[in-house]
Protein chains: 2
Amino acid sequence: MDQQDEIAVVERRLREGGHRWTQQRRRIAEVVFATHEHFNAEELLALCRKVDRRVSRATVYRMIAAMEAVGVVEGLDTGDGSRRFEHVLGHEHHDHMICRSCGRIVEFSDAKLERQKAEIAHRMGFTMLRHELKLVVECNDLACPGRAPVGKRR
Amino acid sequence: MDQQDEIAVVERRLREGGHRWTQQRRRIAEVVFATHEHFNAEELLALCRKVDRRVSRATVYRMIAAMEAVGVVEGLDTGDGSRRFEHVLGHEHHDHMICRSCGRIVEFSDAKLERQKAEIAHRMGFTMLRHELKLVVECNDLACPGRAPVGKRR
DNA sequence: ATTGATGCAAAAGATTTGCAAACTG
DNA sequence: CAGTTTGCAAATCTTTTGCATCAAT
């Protein structure tokens with residue numbers, strides 16, 4: 001699935017949800033699916049503004065909420081004070097390791113882990129909507145460039 | 001380990017960290033270890049104030065940070081806009097399910113899951129400091145009293 | 001006495017919202 | 001056209017911080 005298709009999916013899902021497809025929303029979707037970073041609202045706003053001055057902060061926040069609601073974007077709490085997001089179309093679910101030494105966000109996925117999570121929710125009588133696993137780690141020398149901590153930690 | 005012991009541990013760890021043990025800190029620790037809810041800073045402040053008017057908001061925030069730093073309290077992001085906390089002395093690590101229908105936070109723990117998490121971090125060359133697994137679920141009729149959603153969801 | 005801790009109020013950030021104007025279907 | 005969506009700024013909410021004062025060691 002390439003970027004055009006992904007944006008088409010976003011459009012379709014929003015329309016199906018009774019929403020309108022505006023120029024701003026398309027712009028935001030384009031930027032979201034063009035990046036592979038974990039961005040927060042402010043960063044997304046800045047990226048959108050670079051290509052289209054008409055995108056406002058409020059619209060970015062509203063669009064993020066809308067995309068989350070239709071499941072094309074997921075948020076994660078990295079502990080830096082803002083929520084960060086990533087698009088989730090076209091790749092299987094993955095989890096995150098957040099390195100306290102260098103601030104990197106490392107993605108990983110593990111089939112066994114996924115099975116275990118689903119099984120636990122089911123065993124306890126719940127329907128799992130989504131799940132978020134965060135490992136806060138410290139990198140060892142080989143794995144890490146040894147950069148200074150990034151951003152404020154709390 | 002009863003509540004007195006738990007508070008003694010908090011005191012010891014803070015003192016070992018070079019901190020002073022003040023009346024406010026003792027009060028806050030007492031309240032934290034007396035509750036079994038997942039409280040946020042504002043709620044903790046209100047509880048403390050009920051028994052001791054001298055506890056201020058700033059001190060509550062500072063004490064939460066201190067307790068987190070010495071590992072007697074852990075925070076979790078429930079998606080309601082504030083961080084929630086729980087004390088972690090005297091019971092093994094557990095994860096959380098957050099029910100989107102009724103707002104309940106259900107705790108669970110699974111040894112196999114724990115082993116898997118640790119193994120993954122190790123395999124990828126990291127040292128795991130802590131981990132947080134959150135399953136966002138929807139309860140089925142039997143499991144849920146069917147209460148209305150609690151708090152704002154985002 | 002020294003020095004860290006506290007309370008207060010102000011500041012800082014992130015996110016949400018009211019409303020008139022602009023745009024979509 | 002009718003009804004959404006937008007931009008803006010103001011409002012909200014949570015958390016942090018500066019600083020004079022207080023209290024623990």
Side-chain angles (χ1 to χ4, degrees), chain A residues 10-29 31 38-49 51-70 73 75-85 150-154, chain B residues 10-29 31 38-49 51-70 73 75-85 150-154:
Chain A
V10 178
E11 174 175 356
R12 178 156 43 76
R13 297 223 190 143
L14 287 184
R15 283 192 193 279
E16 282 169 357
H19 297 287
R20 290 178 181 176
W21 187 242
T22 65
Q23 309 199 31
Q24 284 86 333
R25 287 186 175 181
R26 170 183 296 282
R27 229 358 84 65
I28 294 170
V31 172
H38 296 83
F39 53 86
N40 64 23
E42 201 62 30
E43 291 163 355
L44 177 55
L45 173 65
L47 290 171
C48 291
R49 291 269 220 182
V51 293
D52 191 339
R53 296 295 317 291
R54 293 170 312 167
V55 177
S56 73
R57 175 171 291 109
T59 295
V60 165
Y61 274 100
R62 290 189 273 232
M63 178 63 169
I64 288 175
M67 289 190 294
E68 233 187 326
V70 298
V73 151
L76 76 145
D77 170 38
T78 60
D80 77 340
S82 68
R83 272 196 348 133
R84 292 192 166 271
F85 304 89
V150 175
K152 69 174 172 181
R153 299 283 129 202
R154 65 173 190 189
Chain B
V10 179
E11 175 175 354
R12 178 156 44 75
R13 297 222 191 144
L14 286 185
R15 284 191 192 280
E16 283 169 356
H19 297 287
R20 291 176 180 175
W21 186 243
T22 66
Q23 309 199 29
Q24 285 86 334
R25 287 186 175 183
R26 170 183 296 282
R27 231 356 85 66
I28 294 170
V31 172
H38 297 83
F39 53 85
N40 64 22
E42 202 61 30
E43 291 163 355
L44 177 56
L45 173 64
L47 290 171
C48 291
R49 290 269 221 183
V51 293
D52 191 339
R53 296 294 318 289
R54 292 171 313 169
V55 177
S56 73
R57 175 171 291 108
T59 295
V60 164
Y61 274 100
R62 289 189 274 233
M63 178 62 169
I64 288 175
M67 290 189 295
E68 231 187 327
V70 298
V73 152
L76 75 144
D77 170 39
T78 60
D80 76 339
S82 67
R83 276 208 330 145
R84 293 191 167 270
F85 303 89
V150 175
K152 67 174 171 181
R153 299 285 129 201
R154 63 172 191 191

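It should be emphasised that the depicted structure is a prediction, and the values quoted were computed from it without experimental measurement.
Rounded to whole Å, the distance from CZ on A:Arg84 to P on C:dG13 is 15 Å. Atom CD in A:Glu68 sits about 13 Å away from atom C1' in C:dT15, given to the nearest Å. A:Arg27 places its CZ atom 15 Å from the C1' atom of C:dC23, with the value rounded to the nearest Å. Atom CZ of B:Arg83 is separated from atom P of C:dG13 by 18 Å (rounded to the nearest Å). A:Leu44 has its CG atom 14 Å from the P atom of C:dA14, to the nearest Å.
Note on B:Tyr61: a side-chain N or O is less than 4.0 Å away from OP1 or OP2 of D:dT15. Residue A:Thr22 places at least one side-chain N or O under 4.0 Å from the OP1 or OP2 atom of D:dT6.
A:His38 meets the side chain to side chain donor-acceptor pair (under 3.5 Å) test with A:Glu86, A:His96, A:Glu107; sequence neighbours excluded. A search for side chain to side chain donor-acceptor pair (under 3.5 Å) contacts involving A:Arg57 returns A:Glu42, not counting sequence neighbours. Taking B:Thr59 as the reference, B:Ser56 meet the side chain to side chain donor-acceptor pair (under 3.5 Å) condition, with sequence neighbours excluded. With sequence neighbours excluded, the residues forming a salt bridge (charged side-chain N to carboxylate O under 4.0 Å, His left out) with B:Arg84 are B:Glu43, B:Asp80, listed by chain and number. For A:Arg12, the side chain to side chain donor-acceptor pair (under 3.5 Å) test picks out no residue, with sequence neighbours left out.
Remark on DNA chain D: of its neighbouring residues B:Arg57 and B:Gln24, the 5'-side contact belongs to B:Arg57, judged by nearest-heavy-atom nucleotide. Two residues, A:Met63 and B:Ala41, neighbour DNA chain D, and the one matched to the more 5' nucleotide by heavy-atom proximity is A:Met63.
Within residues 11-20 of chain A, the residues that place at least one heavy atom under 4.0 Å from DNA chain D are, in residue-number order, A:His19, A:Arg20.
Sequence neighbours left out, the pairs with a member in residues 17-28 of chain A that pass salt bridge (charged side-chain N to carboxylate O under 4.0 Å, His left out) are A:Glu11-A:Arg26, A:Arg27-A:Glu30, A:Arg27-A:Asp52.
Among the nucleotides C:dT15, D:dT15, D:dT6, the one closest to the side chain of A:Arg25 is D:dT6. Distance from the side chain of A:Gln23 is smallest for C:dT24 among the nucleotides C:dT24, C:dA5, D:dT15.
Side chain of A:Arg13 to backbone of A:Val70: a donor-acceptor contact under 3.5 angstrom is found.
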Output a table of nitrogen or oxygen pairs between the protein and nucleotides 8-11 of chain D separated by less than 3.5 Å.
none

